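Heads up, the thing below is written out as structure tokens.
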Amino acid sequence: MDPNLLNIGFIILILGVLAALGVLIYAVMEIRRLAVTLNEFIKGTEEKLYPVLEETELSLRSFRKISDDASRVTENIRNLSDAAQDIVTNVRALSSVVNYVGEGASMRVSGVKAGLKTALSVLIRQIRERRI
């Protein structure tokens with residue numbers, strides 16, 4: 001082989017390696033710049049998302065409190081409904097007792113009325129006959 005051709009091949013090989021090394025250095029620098037940009041993007045996104053996360057946490061606490069309050073209100077309404085049913089039951093029982101007492105009193109009054117009517121009738125008859 002020709003030594004000039006070998007030298008030219010060696011020079012082309014060195015130039016190829018240097019070109020590849022240059023491309024590799026450029027790629028490493030671009031990757032580094034991309035990593036810095038990506039890191040800044042992540043930090044910016046994190047700074048923007050942090051208040052949203054805090055607000056979300058506060059909202060969830062508020063929703064939990066509202067849910068607990070709604071549960072308490074529901075329980076209170078159930079208790080009120082039970083109390084109202086007890087009151088209705090007691091009023092019905094009282095009404096039954098009053099009706100029973102009223103019927104008994106009505107019967108007594110009717111009896112006394114009939115007795116007084118009969119007694120007055122007898123008294124008037126005896127006065128007319130002058131037995132008294």
Side-chain angles (χ1 to χ4, degrees):
M1 286 200 138
D2 189 18
N4 282 338
L5 189 59
L6 197 56
N7 285 340
I8 291 175
F10 186 70
I11 290 174
I12 290 175
L13 181 67
I14 289 186
L15 286 176
V17 169
L18 287 176
L21 194 60
V23 169
L24 187 63
I25 290 172
Y26 176 75
V28 167
M29 288 173 54
E30 283 297 314
I31 290 174
R32 190 175 191 184
R33 190 172 58 106
L34 180 65
V36 168
T37 304
L38 185 61
N39 197 15
E40 288 175 0
F41 173 75
I42 290 172
K43 283 182 183 178
T45 304
E46 186 178 90
E47 288 173 359
K48 290 177 184 175
L49 286 179
Y50 185 71
V52 172
L53 290 174
E54 284 183 352
E55 187 68 29
T56 303
E57 186 177 335
L58 291 175
S59 295
L60 288 174
R61 285 182 190 159
S62 177
F63 288 146
R64 184 177 301 136
K65 185 175 187 291
I66 289 169
S67 173
D68 291 345
D69 290 346
S71 295
R72 281 190 212 112
V73 167
T74 303
E75 183 67 27
N76 289 342
I77 288 173
R78 284 186 188 139
N79 291 339
L80 183 63
S81 175
D82 291 343
Q85 286 178 331
D86 290 344
I87 289 171
V88 167
T89 302
N90 290 338
V91 166
R92 284 184 182 154
L94 183 61
S95 175
S96 296
V97 168
V98 167
N99 285 337
Y100 178 74
V101 169
E103 288 174 5
S106 176
M107 290 171 62
R108 287 185 191 139
V109 167
S110 294
V112 169
K113 181 180 174 184
L116 285 174
K117 191 175 186 182
T118 304
L120 282 173
S121 164
V122 170
L123 182 65
I124 291 173
R125 201 173 352 135
Q126 284 184 2
I127 289 177
R128 284 187 186 159
E129 292 176 4
R130 297 197 182 222
R131 287 193 178 177
I132 295 185

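No experiment lies behind these values; they were computed from the predicted model shown.
Between Asp82 and Arg78 there is no salt bridge, since no side-chain N of the basic residue sits under 4.0 Å from a carboxylate O of the acidic one. Taking the charged nitrogens against the carboxylate oxygens, Glu40 and Lys43 have no contact shorter than 4.0 Å, which rules out a salt bridge. Arg72 and Asp69 are joined by a salt bridge, as a carboxylate oxygen and a charged side-chain nitrogen come within less than 4.0 angstrom of each other. Taking a cutoff of 4.0 Å between a charged side-chain nitrogen and a carboxylate oxygen, Glu129 and Arg125 do not qualify as a salt bridge.
To the nearest 0.5 angstrom, Leu15 atom CG is 11.5 Å from Ile8 atom CD1. Put simply, OG1 on Thr37 and CZ on Arg32 are 12.5 Å apart, with the number rounded to the nearest 0.5 Å. One distance of note links CD of Gln126 with CZ of Arg128; it measures 12.5 Å at 0.5 Å rounding. Here Leu94 contributes atom CG and Arg92 contributes atom CZ; the two are 13.0 Å apart, rounded to the nearest 0.5 Å. We find the CG-OG1 distance between Leu123 and Thr118 to be 12.5 Å, quoted to the nearest 0.5 Å.
In this structure, Glu55 and Pro51 have side chains that are not in contact, with every pair of non-hydrogen atoms separated by 4.5 Å or more.
In this structure, Met29 is a member of the same hydrophobic cluster as Leu21, with clusters built from ILVMFWY side-chain heavy atoms closer than 4.5 Å. A chain of hydrophobic side-chain contacts below 4.5 Å, direct or via other Ile, Leu, Val, Met, Phe, Trp or Tyr residues, connects Phe10 to Leu18.
Within the 3.5 Å criterion, the main-chain N or O of Phe63 finds no donor-acceptor partner in the side chain of Ser67. When atom types are taken as modelled, the side chain of Thr89 and the backbone of Gln85 share a donor-acceptor pair closer than 3.5 angstrom. The backbone N or O of Leu58 sits nowhere less than 3.5 Å from a side-chain atom of Ser62 that would complete a donor-acceptor pair.
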**Request:** Step by step, work out the side-chain contact (heavy atoms from CB on, under 4.5 Å) result for Arg64 and Asp68.
**Result:** CA-CA 6 Å; Arg64 184 177 301 136; Asp68 291 345; 4.0 Å; yes
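Glu54 CD: more than 12 foreign heavy atoms inside a 6.0 Å radius.
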